[in-house]
Amino acid sequence: MPAYLDHAATTPLRPEAAEAMRPFLDGRFGNPSGSHAVARAAKAAIEEARDVVADCLGCRPHEVVFTGGGTEADNLAVLGAAGAGEVACSAVEHHAVLHAVQSLGGRIAPVGADGIVQLDGVLDESVSLLSVMLANNETGTVQPLDELRIGAALLHTDAVHAFPWIDVRGTAADLVSVSAHKFGGPQGVGALVVRDHVKLQPTTHGGGQERDLRSGTHNVVGIVGMVAAMQATVEQRAATNDRVGRLRDRLADGLLAAVPGAVETGDRARKTPGNCHIRFEGVESEALLVLLDDAGVYASAGSACASGAIEPSHVLTAMGLSRDEALSAVRFSLGWNTTDADVDLALAAVPEAVGRLR
């Protein structure tokens, strides 16, 4: 069986999500904005889902805005808050945040070699929103969000990569983005927590759904699937973190021991349990990934959104790595259904593939 080690790109659908979605792929098809019985049943499903999401994210139900995924949630947070002043973000944000901030001429905060954001000289009273992801999608590095509350600026966090591993209910953020397909839900659905005191302008206009912040017919089946996956993630998080963390350590330690010149990116103690980010000296990651694909090991050179372009990761270059170092990096990301067999296959295939390329 192949070893799927690209959970940071997308995860397999959890059985709980598939089961919850099944009725809405058949007889339950109503538009929640309607008024008849079929529509009211769909509306009830949405509101029940909203209650669960609020509980899982640590907010009030009316503070949950359903979106079409993490990118839309990030864009709504950044672009929706732009009218109140300047916006800023870290240099290692997902492009959904980074490009949105750049489109507004916003400020970009550097990071250190450890990937931790450095805000000195970046924030002042003119900045209305700071966006810093809770856990980086490429390196897994977790940011100290509680230390980033400076001044009156709103704090947005892209928790898309963090949510499978970290309880976000106590986060200091005013806005929190999540995406279902990162924790075993379906693709194309997400949510944004918008606290009561936050004033956002909508980025899409239409029927006024979601407090007029996200117009458009609800993706009922997607929302229902996301909620089931979210509940399973929260209930199983502690056990999953422990099990996957041990698998990740075995994979990382095994690769570092078996491949001369292999270097781990970042401090493992400050990373999410599923992230194994390794640089292979003298090997181009894109070539390595081709051989691993043939061997049935599926990994990534970085963010899935940037795949296909042989360019160094903006995250790694922001951390001070050279172009060659960045281009030698492979992200092996483990998830809720990763097994010992997956790790065994990777430990056999990677050293052989690196040896062939060298």
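Side-chain atoms are counted along with the backbone in the values below, which use heavy atoms only and exclude waters and symmetry mates.
Here L316 contributes atom CG and R331 contributes atom CZ; the two are 10.5 Å apart, rounded to the nearest 0.5 Å. For the atom pair NE2 (H218) and CD (Q209), the distance works out to 6.0 Å, reported to the nearest 0.5 Å. In this structure, the separation between NZ on K199 and CD on Q201 is 10.5 Å, given to the nearest 0.5 Å. Rounded to the nearest 0.5 Å, atoms NE2 (H205) and CG (L213) are 10.5 Å apart. Taking CD of E352 as the start and CG of L292 as the end, the distance is 10.0 Å to the nearest 0.5 Å. One finds the CG atom of L357 at 12.0 Å from the OG atom of S328 (value rounded to the nearest 0.5 Å).
Checking N75, T67, D74 one by one against S177, the side chain to side chain donor-acceptor pair (under 3.5 Å) holds for a single residue, D74. A side chain to side chain contact (heavy atoms under 4.5 Å, CB included) with Y298 is found for one member of D342, L5, L289, D293 and no other, namely D293.
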Would C89 and I108 count as a side chain to side chain contact (heavy atoms under 4.5 Å, CB included) here? Give the steps. CA-CA 5 Å; C89 72; I108 310 298; 3.7 Å; yes

Set out, in order, the CA-CA distance, both residues' side-chain angles and the distance that settles side chain to side chain donor-acceptor pair (under 3.5 Å) for D124 and S126, then state yes or no. CA-CA 5 Å; D124 56 35; S126 67; 2.5 Å; yes

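By the 4.5 Å heavy-atom criterion applied to side chains, E210 and R50 are counted as neighbours. Proximity of D158 to L134: side-chain heavy atoms (C-beta onward) are nowhere separated by under 4.5 Å. Counting only heavy atoms from C-beta outward, the side chains of I46 and I223 approach each other to under 4.5 Å. Using a 4.5 Å heavy-atom threshold, the side chains of R279 and L321 count as touching. Contact annotation: the side chain of R14 never approaches that of N337 to less than 4.5 Å [non-hydrogen atoms, C-beta and beyond]. The side-chain heavy atoms of T139 and M319, taken from C-beta on, include a pair separated by under 4.5 Å. Using a 4.5 Å heavy-atom cutoff, the side chains of V87 and S131 are not in contact.
Counting non-hydrogen atoms of other residues, nucleotides and ligands closer than 6.0 Å to CZ of R356 gives a total of 12 or fewer. No more than 12 heavy-atom neighbours from other residues, nucleotides or ligands sit within 6.0 angstrom of CD on E281. Counting non-hydrogen atoms of neighbouring residues, nucleotides and ligands closer than 6.0 angstrom, the CD atom of E47 exceeds 12 such neighbours.
A distance-only check finds a donor-acceptor pair linking the side chain of W336 to the backbone of P12 [under 3.5 Å]. No donor-acceptor distance shorter than 3.5 angstrom exists from the side chain of E16 to the backbone of M230, with no hydrogens or angles considered. Of the possible donor and acceptor atoms, none in the side chain of H94 sits under 3.5 Å from a partner among the backbone N and O of V97. With E93 contributing its side chain and M133 its backbone, the two residues share a donor-acceptor pair below 3.5 Å. Checking side-chain atoms of E63 against main-chain N and O of V193 turns up no donor-acceptor pair under 3.5 Å. Of the possible polar contacts, none joining the R28 side chain to the P23 backbone as a donor-acceptor pair under 3.5 Å is found. Side-chain atoms of T240 do not come within 3.5 Å of backbone N or O of R237 as any donor-acceptor pair. Listed for the S322 side chain is a donor-acceptor partner under 3.5 Å among the backbone atoms of E325. No donor-acceptor pair under 3.5 Å is formed between the side chain of K43 and the backbone N or O of S33. The main-chain N or O of G274 is never found under 3.5 Å from a side-chain atom of S333 such that the two would form a donor-acceptor pair.
L175 and L119 are assigned to two separate hydrophobic clusters, defined by single-linkage of ILVMFWY side chains at heavy-atom distances under 4.5 Å. Hydrophobic clustering (ILVMFWY, side-chain heavy atoms < 4.5 Å, transitive): L251 and V350 are in one cluster. The hydrophobic cluster containing V65 does not contain L155, counting ILVMFWY residues as joined when their side-chain heavy atoms lie under 4.5 angstrom apart, directly or transitively. Linking ILVMFWY residues whenever their side-chain heavy atoms come closer than 4.5 Å, directly or via other members, leaves L129 and L145 in distinct clusters. Cluster membership for F280 and V263, using ILVMFWY side-chain heavy atoms within less than 4.5 angstrom, is not shared.
Using cut-offs of 30° and 60° for the angle between ring planes, the H7 and Y4 rings count as perpendicular.
Using modelled atom types and a 3.5 Å distance limit, the side chains of H161 and E138 yield no donor-acceptor pair.
A salt bridge between D344 and R250 is present, with a side-chain N of the basic residue lying under 4.0 Å from a carboxylate O of the acidic one.
Within the structure, every pair that satisfies the ring pair (Phe, Tyr, Trp, His ring centres under 6.0 Å) test and touches residues 166-188, not counting sequence neighbours, is listed here: F163-F183.
Heavy atoms only, all atoms of each residue included: V142 and K271 are closest at CG2-C, 4.3 Å. In terms of heavy atoms, L345 sits closest to M1 at CD2-O, 3.6 Å. When all heavy atoms are compared, the tightest approach of A135 to I166 is CB-CD1, 4.4 Å. What you find for C56 and V234 is that their closest heavy atoms are SG-CG2, 3.8 Å. Here the shortest heavy-atom pairing between A88 and L123 reads CB-CD2, 4.3 Å. Residues A17 and L13 approach most closely at CB-CD1, 3.8 Å, considering heavy atoms.
Shown here are the salt bridge (Lys or Arg N to Asp or Glu O under 4.0 Å) partners of R40, two or more places apart in sequence or in another chain: there are none. For R268, the side-chain contact (heavy atoms from CB on, under 4.5 Å) partners at least two apart in sequence or on another chain are R248, D249, A252, D253, L256, E264. Residues forming a ring-ring contact (aromatic ring centres under 6.0 Å, His included) with F24 (at least two apart in sequence, or on another chain): none. Residues meeting the side chain to side chain donor-acceptor pair (under 3.5 Å) test with D242, sequence neighbours left out: R246.
Taking Ile, Leu, Val, Met, Phe, Trp and Tyr as hydrophobic and joining them when side-chain heavy atoms fall under 4.5 Å apart, one finds I116 isolated, its cluster having no other members.
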